[in-house]
Structure formats: C-alpha cells, structure tokens
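I am attaching a structure below and will ask some questions about it afterwards.
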Amino acid sequence: MKKIGWALAVGLSIAQPSWAAENIQPSAQVVESDEAIIQTLYRNSYTYWQMVRNDNGSYNDLYPLDGKSKVGSIANSGMGLVALTIGHINGWEPEAEKLVIKSLKVLTGKDPDFSVPRNDNNTYIHFYNVETGKAIGDDWSPIDSAIMLSGALFAKRYFHNNQEIADLVDELYETTDLRSFIADYRTGHIYLAAHKDGSFKRHKTKVFNEYMIVADLARQQEEDFGNMGSDAIRFWDTWYDTLKYTPISYYGKIPVLSAGRSRFISMFNFQFNNYLVHHFSDSQMYQKATRYAAMADFQWWQDQGIESRETYEWGSGAGACSTGYCVDRIALPGDKDLNLEKIASPHIVSGFLPHLERARTDLIAMYRDPDKRAHYQLKDGSTILWRYSTTNPEWRADNIQAVDYSTMLFGLAALPENLGMEFFNTFNDYFNPEPADYRKPLPTISETTTAAR
C-alpha cells in the first residue's frame, strides 16, 4: 500500500427599549439583528426535531412539506436523542428524560406497544413503518445502527444521573454488535449492509466517510468484549488513529480527506463524524481536515460561474432534489458534475460553523436573501432553512430529510454563544469513566436583552 502524505499534521446591537416603539412609523420595517436570526434558526431547528418525533418514541425519516409520512429511520433515533439533550439544556424540552426513555424502550424491545425490527445478528433496519414497526426493505444497516447507538450513548453521558437511561443504553451497546461489519482492515473495507438472516451484502465502503462512526464503536466493542476475528482494532489503528494511509484529493491546493485520490465525498461525512465521534472532535488533525473540507466546498461553488448565485450560497450536502434524493459532491475541473442542479445546502453551511468563520455570515445572508429561496415553513409557522437550486428557482423541495438536517441544529448549537463545540466534545466522549464536566456558556448582553423583550 502506497503511503500518502498529508498536509494536516499539527501545525451587537442592543435591542431598543420598549418605549422607543412609540416613535416608529407604522410603515417602518423591523430588521432582525444577526444574533436574533441565529437564535431564531437555532430554536426553530429544534422545533423541527419535535415535529419528526412520534408519540410512540420513533422518529420519521423526513418532514413532508405536503402530506404525511409513515416511514421511520433508525439513524434519526440517534440524531433525535442528541437533539433532546440540546432541547433539555436550553430549557425547551423539560420532559426530555422521559422522552429519551420512551425511545430507548422502543429500541431495546421493552415497550409493550411498539418496537423496531432487528435482523438475526441484532442489526437494525434502515427504514420501518412508524405505525406498525414493520421493516421496509432489506437494508439492515451498520451505519444507521451506529448513529442510533451514538445518540443513545450521548444521552447516557448527558443524563448521567439517570440509572434507567444508563441500563437501557448499556443493553443497546452490548447487543448492537458492529464488529462483524469490518470486512478487511488491510483495504479499509466495511460492509454496507446485511440481509435479514445476518449474512452480508456484497457492497462495501472504503474510508474516508461517515463509516468512521461504525469503526469507532466496533473498535471499542472489540476492546470491551474480545476479538471476533473482525480486526476492528487493527482497522481503526490503520485508517483512523492517524491519517498515514487515508486518501487525499486536492481541490486546487486544498487537501481534502476523500474516498479516493480523485473523488470527493459529500460534506456531511465530515460533520457527522465531528459531532458523534470523540476522536474526531477532540483531534486538532481532524478539525484542521474539516476546515480544509469547508474551504474546498466554498471555493468549488465560487468556481462554478453561476450568474444567478450569490457568494454566500454554497454547501454540498445530501437531501431532496428534483429527482428524489441526491448526494451532492464537489468535483475537480473536467470531472463529472455531481451536483447538476447546483443545490445549495444551508444545513452544510451551519454544520461548518465551528470550522469556517464566514459560515456564520453566509448562513445569516441566506436567511436575509430577498428571494427567500432557502426559507421553508413548518406547520406551526416556524421558518427554517433548507436546500434549494441556485439555477432553477422554480424547484422547491417537498420534504426535509431529518438525518441530513441534523447538522443545522448541531452547527448552531456549536456556536460559542450557544453551547460551543465543548458540548459535543464532552458528551461524545462516551467511554470516559470520569463524570462529564460541562457548563453552558453565560448569555451575552444582547441575548439577555432580546429575551427580556
């Protein structure tokens, strides 16, 4: 195997007092401050997660903007559990512990009224019917199971004094065994899915991508439960502990962790790993890699020469598109265009908030854009930002996929004035025996004044 070098080695306005409103003419337009926009998006992005959660503790795959959906997603159970901790710490979800327990009982099969299906080796189905619990398709998925398990472990560490949560999560961890999905540590392959009987489908994935979440949990399970012949520890040490063999693609002079030497990956891969894998969020090396990815994404959009596009419109992610569901990626000049509709993803811009300074101003600019192309309304009237085409203004998404939208909430939560990256870096440290030591940042003067209004 050829070694690949890597350039990542470590190296407000205060609100007006209420009496001032008397001097405002009726025709005057109220202009939201930058901070007010950030807080509106932050709160509304949590509202979204309340709306994709069902009373039985399951989570829908998506939020339909027209109609209803009965399709549930096991990955969204994990993202939803992380969302509940954000709702709880902000005082938006006082019953969060009860809601976490409800979901965990569904996942462990301890709810007498509803459960989600597993296959013969306890891997969860990707999609299922949220009313019946019946599996949809035959995609018994290690990545969806790993995201679910990560969210459960996140909630366990956050609600560290709740023994019922701890017991349910421990049972999930002990039974959701991901070690067998390590196909070959020498080539970096992980099985993408299994059949109902537990046998593996033939397709495999190769680093670098979101399957770092699978590899991280498989490595820990091998340490805790013993070797099953999966070589999970060797896999981790070879491909993720360092970047010695990890493929790099260059966009111009910007090095980007990739699945191959000339093929980029969708940017959600960096963001999922950042918020759910402690080794990633706690590593200067990986944080620098994520910053480079954000820089490459932004630059690719500038290089497209789209006359109808503003500079602040960018973000290569996944989600709704005119053909159904698309996974957008940047590409080298002359390569196959992987985003034909030039769909901008605000949730990717938000997911990069901890890594790229301009992401904050660009997200605010997307909100303020006079055409409001990124604006979508939830059923309660809340405004959120979602995908839109920069070349086809007639197209509008008809649904919002929750697993992809998760990085909107997580990125906003990671802002220093909200929870900061320390929040994620503290509570994704799942196997740290020491109690979590985290304190929410004190509100700024502008936040306090806005709240008072």
Side-chain angles (χ1 to χ4, degrees), residues 58-59 61 71-79 106-110 114-130 132-153 169-240 259-260 265 269 272-273 276-277 318 325 327 403:
S58 65
Y59 282 85
D61 173 53
V71 179
S73 161
I74 202 65
N76 286 341
S77 290
M79 298 302 196
V106 165
L107 293 166
T108 54
K110 296 187 182 313
F114 184 81
S115 62
V116 291
R118 304 196 205 189
N119 70 358
D120 291 350
N121 67 357
N122 279 331
T123 304
Y124 287 82
I125 193 70
H126 186 176
F127 297 122
Y128 59 93
N129 186 299
V130 296
T132 66
K134 183 178 179 180
I136 298 175
D138 187 41
D139 187 7
W140 305 87
S141 169
I143 184 58
D144 292 273
S145 299
I147 291 174
M148 176 278 297
L149 185 53
S150 295
L153 291 164
V169 174
D170 287 347
E171 180 175 337
L172 271 181
Y173 176 67
E174 291 167 5
T175 57
T176 310
D177 197 334
L178 298 167
R179 291 172 290 175
S180 61
F181 282 95
I182 302 299
D184 192 333
Y185 82 89
R186 294 162 297 184
T187 59
H189 284 116
I190 296 177
Y191 290 109
L192 281 168
H195 295 286
K196 179 66 173 67
D197 64 5
S199 61
F200 300 113
K201 295 187 176 182
R202 66 184 181 88
H203 295 294
K204 304 167 188 173
T205 187
K206 185 178 179 181
V207 293
F208 173 79
N209 51 41
E210 63 178 319
Y211 280 70
M212 182 179 187
I213 304 169
V214 176
D216 180 46
L217 293 173
R219 170 192 59 82
Q220 186 65 43
Q221 288 176 328
E222 189 164 299
E223 289 183 4
D224 291 343
F225 308 137
N227 191 309
M228 287 183 59
S230 67
D231 286 319
I233 294 175
R234 288 186 180 182
F235 186 99
W236 180 267
D237 290 346
T238 301
W239 296 101
Y240 286 121
I265 56 175
N269 290 277
F272 285 8
N273 292 342
L276 297 179
V277 178
Y325 183 84
V327 180
V403 70

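Source: prediction; values computed, not measured.
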Residue pairs, two or more places apart or on separate chains, that pass salt bridge (charged side-chain N to carboxylate O under 4.0 Å, His left out) and touch residues 170-185
Lys110-Glu171, Lys156-Asp170, Asp177-Arg179, Asp184-Arg186
Hits for side chain to side chain contact (heavy atoms under 4.5 Å, CB included) against Val207, two or more places apart or cross-chain, chain-then-number order -> Phe235, Trp239, Tyr240
Is there side-chain contact between Asp139 and Phe127, with heavy atoms separated by less than 4.5 Å?
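Side-chain contact under 4.5 Å: no.
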Residues that Val403 engages under side chain to side chain contact (heavy atoms under 4.5 Å, CB included), provided they are two or more places apart:
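If we apply the side chain to side chain contact (heavy atoms under 4.5 Å, CB included) test to Val403, skipping adjacent residues, the hits are Ala75, Asn76, Met79, Phe272.
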Could you measure the distance from the CZ atom of Phe225 to the CD atom of Gln220? Nearest 0.5 Å is fine.
8.5 Å
Minimum-distance pair of heavy atoms, taken over all atoms of Ser115 and Gly109
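Heavy atoms only, the tightest pair is CB-CA, 4.2 Å.
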Report the distance from atom CG of Asn129 to atom NZ of Lys134, rounding to the nearest 0.5 Å.
8.5 Å
A side-chain contact here means heavy atoms from C-beta on lying under 4.5 Å apart; do Ile182 and Glu222 qualify?
no
For Asp216, give me all partners under salt bridge (Lys or Arg N to Asp or Glu O under 4.0 Å), at least two apart in sequence or on another chain.
Arg219
Nearest-0.5 Å distance that lies between atom CG in Leu149 and atom CD in Gln221
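Interatomic distance, Leu149 CG to Gln221 CD, rounded to 0.5 Å: 6.5 Å.
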Set of side chain to side chain contact (heavy atoms under 4.5 Å, CB included) partners for Asn119, sequence neighbours left out
Asn121, Thr123, Trp140, Ala194, Lys196
Scanning both residues in full, the closest heavy-atom pair of Gly133 with Phe114 reads N-CE1, 3.4 Å
Determine whether a donor-acceptor pair (N or O, by modelled atom type, separation under 3.5 Å) exists between the side chain of Asp231 and the backbone of Arg234.
no
For Ala218 versus Leu178, what's the shortest heavy-atom pair and its separation?
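Heavy atoms only, the tightest pair is CB-O, 3.8 Å.
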Which distance, rounded to the nearest 0.5 Å, do you find between the OG of Ser141 and the OH of Tyr191?
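Reported to 0.5 Å precision, the distance equals 15.5 Å.
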Find the distance between OG (Ser73) and CD1 (Ile125) and round it off to the nearest 0.5 Å.
11.0 Å
Give a yes or no answer on whether the side chain of Asn269 reaches the backbone of Glu210 with a donor-acceptor pair at less than 3.5 Å.
yes
Checking side chain to side chain contact (heavy atoms under 4.5 Å, CB included) for the pair Ile213/Ile143: CA distance, chi angles, key distance, verdict?
CA-CA 7 Å; Ile213 304 169; Ile143 184 58; 4.2 Å; yes
Residue pair Val214 / Pro142: nearest heavy atoms and the distance that separates them
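Smallest interatomic distance, heavy atoms only, reads CG2-O, 3.6 Å.
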I'd like to know if the side chain of Glu223 reaches the main chain of Ile233, judged simply by a donor and an acceptor atom lying under 3.5 Å from each other, with no hydrogens or angles considered.
no
Rounded to the nearest 0.5 Å, the OH atom of Tyr59 sits from the CG atom of Asp61 at a distance of 14.5 Å
State, yes or no, whether a side-chain contact exists between Tyr124 and Leu107 at a heavy-atom distance under 4.5 Å.
yes
Output a table of donor-acceptor pairs, distance under 3.5 Å, between side-chain atoms of residues 198-206 and any protein atom two or more places apart or on a different chain; print 'none' if there are none.
from: Ser199; atom 1: OG; to: Asp197; atom 2: OD1; distance (Å): 2.6
from: Lys201; atom 1: NZ; to: Asp138; atom 2: O; distance (Å): 2.8
from: Thr205; atom 1: OG1; to: Asn209; atom 2: ND2; distance (Å): 2.6

At their closest point, which heavy atom of Ala215 faces which heavy atom of Ile190, and how far apart are they?
CB-CD1, 4.4 Å
Looking at every heavy atom in both Thr176 and Ser145, which two are closest together, and how far apart are they?
CG2-CB, 4.0 Å
